[in-house]
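Below is one structure; the comments refer to it alone.
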Amino acid sequence: MKRALLQTTLRELHLVAKAPRFWATFASVVLIFWITGPYGTADRLAAAPRLGFWLVLHAATWAIAIVSAVLANGLLRERVASGFARMMIGAAVAGVPIGLVTSALAAATFAVAPTPGGMLSDIATGLLLSLLFCALTWMTLNTDNLLEASDTGAATMGPRMDANWEPSDPGRSSEAGGIPLLLRLKPVNRGWPLHLTVSDHYTEVTTTAGRELILLRFADALGELGAVPGLQVHRSHWVADAHVARVVRDNGRMTILLGDGTEVPVSRTYAAAVRQRWG
């Protein structure tokens, strides 16, 4: 359970870090605070120190808010249906540490001893900002299709495939019991495995139900496919028989056209096996 939660948390943080619009939103917020200089920072700090102050403060507070929100998303998945609600609960919990970090940074910057009243005020402000930051992050992720805004709140990527589509061999079951790899996926993404590929230190798994990144070595993922008929065609690609549309040859270069239109390269190491299996 703890390992699964850690894997889910790392996966979703990785998705956040890869979203360009998330970083654009973060930079825009820092820029606004730097230019406007709220809370007296315009009068008390010159331009360069003011930029440094808001950059450090926002980096720390956004990190706290997002980690808390992603943890809540994993911990509350069985109790709270809405993914947005789960993340906002996590953001609310983050209000306290955000307020304390804000008080500590302000005290270090302005050489002013924090007071209980000031800390409570910072916690209240931190709560509001944390909720705002997570709402902005949620909208950013939805725009990039990294997190699906659905009642399940599951993390999915890319266009969803027809869940009613079945593999060419209807006698085989795609239940997780026969394919250990599916146990690593969120229930909403557990379908017949179609395509596995390497993505940094992750393996991207495409099934008939959706697409998901998992923190697992590619070789280990292949070992958990069970008896799913398919073939590794490249050091970074595995393809199921049911997902092969046709083999394409062009000037000595071989690729495989998949059922969703994706074109996968075939390396020389696996070319003979591909020809034997799919022609």
Side-chain angles (χ1 to χ4, degrees), residues 1-15 18 70 73-75 77-78 83 145-148 150 152-245 256-267 269-270 273-274 277-278:
M1 178 65 181
K2 291 181 179 179
R3 181 180 178 183
L5 176 61
L6 177 61
Q7 185 180 87
T8 299
T9 301
L10 290 174
R11 179 175 60 243
E12 295 183 0
L13 288 174
H14 180 72
L15 294 177
K18 286 179 63 178
V70 171
N73 188 45
L75 288 170
R77 181 165 284 114
E78 303 299 326
N145 290 322
L146 295 180
L147 289 178
E148 182 178 78
S150 65
T152 61
T156 61
M157 297 177 57
R160 298 189 66 79
M161 304 184 67
D162 183 0
N164 295 320
W165 184 89
E166 291 294 336
S168 57
D169 182 1
R172 291 185 181 274
S173 170
S174 61
E175 292 298 320
I179 307 173
L181 181 65
L182 297 186
L183 294 174
R184 297 180 180 273
L185 306 181
K186 291 183 171 60
V188 71
N189 289 330
R190 291 176 186 171
W192 187 263
L194 299 176
H195 180 210
L196 271 62
T197 186
V198 175
S199 179
D200 296 327
H201 299 294
Y202 294 77
T203 296
E204 182 179 298
V205 181
T206 301
T207 71
T208 53
R211 188 177 301 152
E212 185 173 336
L213 280 174
I214 58 174
L215 186 59
L216 183 68
R217 292 192 313 162
F218 186 64
D220 294 335
L222 294 180
E224 294 187 5
L225 281 169
V228 178
L231 184 68
Q232 183 176 358
V233 300
H234 188 273
R235 65 179 181 180
S236 302
H237 293 276
W238 174 92
V239 178
D241 289 351
H243 201 35
V244 175
I256 297 173
L257 184 65
L258 304 184
D260 60 1
T262 303
E263 198 167 341
V264 173
V266 177
S267 65
T269 303
Y270 302 98
V274 168
R277 193 177 189 96
W278 297 313

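Since this is a predicted model, take the numbers as computed values, not measurements.
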*How far apart are the closest heavy atoms of Gly191 and Ala209, and which atoms are they?*
N-CB, 4.0 Å
*Inter-residue atom distance Leu231.CG - Ile256.CD1, 0.5 Å rounding*: 7.0 Å
_Smallest separation among heavy atoms of Pro193 and Ala240, with atom names_ = O-CB, 3.3 Å
*Do you know which two heavy atoms are closest between Leu222 and Trp238, and how far apart they sit?*
CD2-CB, 3.5 Å
*Does a side-chain heavy-atom distance below 4.5 Å link Arg277 with Asp241?*
yes
*Any sub-3.5 Å donor-acceptor pair from Thr206's side-chain atoms to Arg211's backbone N or O?*
no
*Grab the two heavy atoms, one from Trp192 and one from Pro229, that are nearest each other, plus how far apart they are.*
CZ2-CD, 3.7 Å
_Using 0.5 Å steps for rounding, measure from the NE2 atom of His243 to the CG atom of Leu257._
9.0 Å
*asked:* So, taking the atom named CD in Glu224 and the one named CG in Leu183, what distance separates them when rounded to the nearest 0.5 Å?
replied: 8.0 Å
*With rounding to the nearest 0.5 Å, note down the distance linking OG in Ser267 to CD in Gln232.*
8.0 Å
_side-chain contact (heavy atoms from CB on, under 4.5 Å) between Trp278 and Val266, worked out_ = CA-CA 12 Å; Trp278 297 313; Val266 177; over 6 Å; no
*Spell out, as yes or no, whether a donor-acceptor pair under 3.5 Å connects the side chain of Thr203 to the backbone of Leu216.*
yes
*Rounded to the nearest 0.5 Å, how far does CD1 of Ile214 lie from CG of Leu196?*
7.0 Å
*Do the side chain of Glu212 and the main chain of Lys186 share a donor and acceptor less than 3.5 angstrom apart?*
yes
*To the nearest 0.5 Å, how far apart are OG1 in Thr207 and CG in Leu185?*
6.5 Å
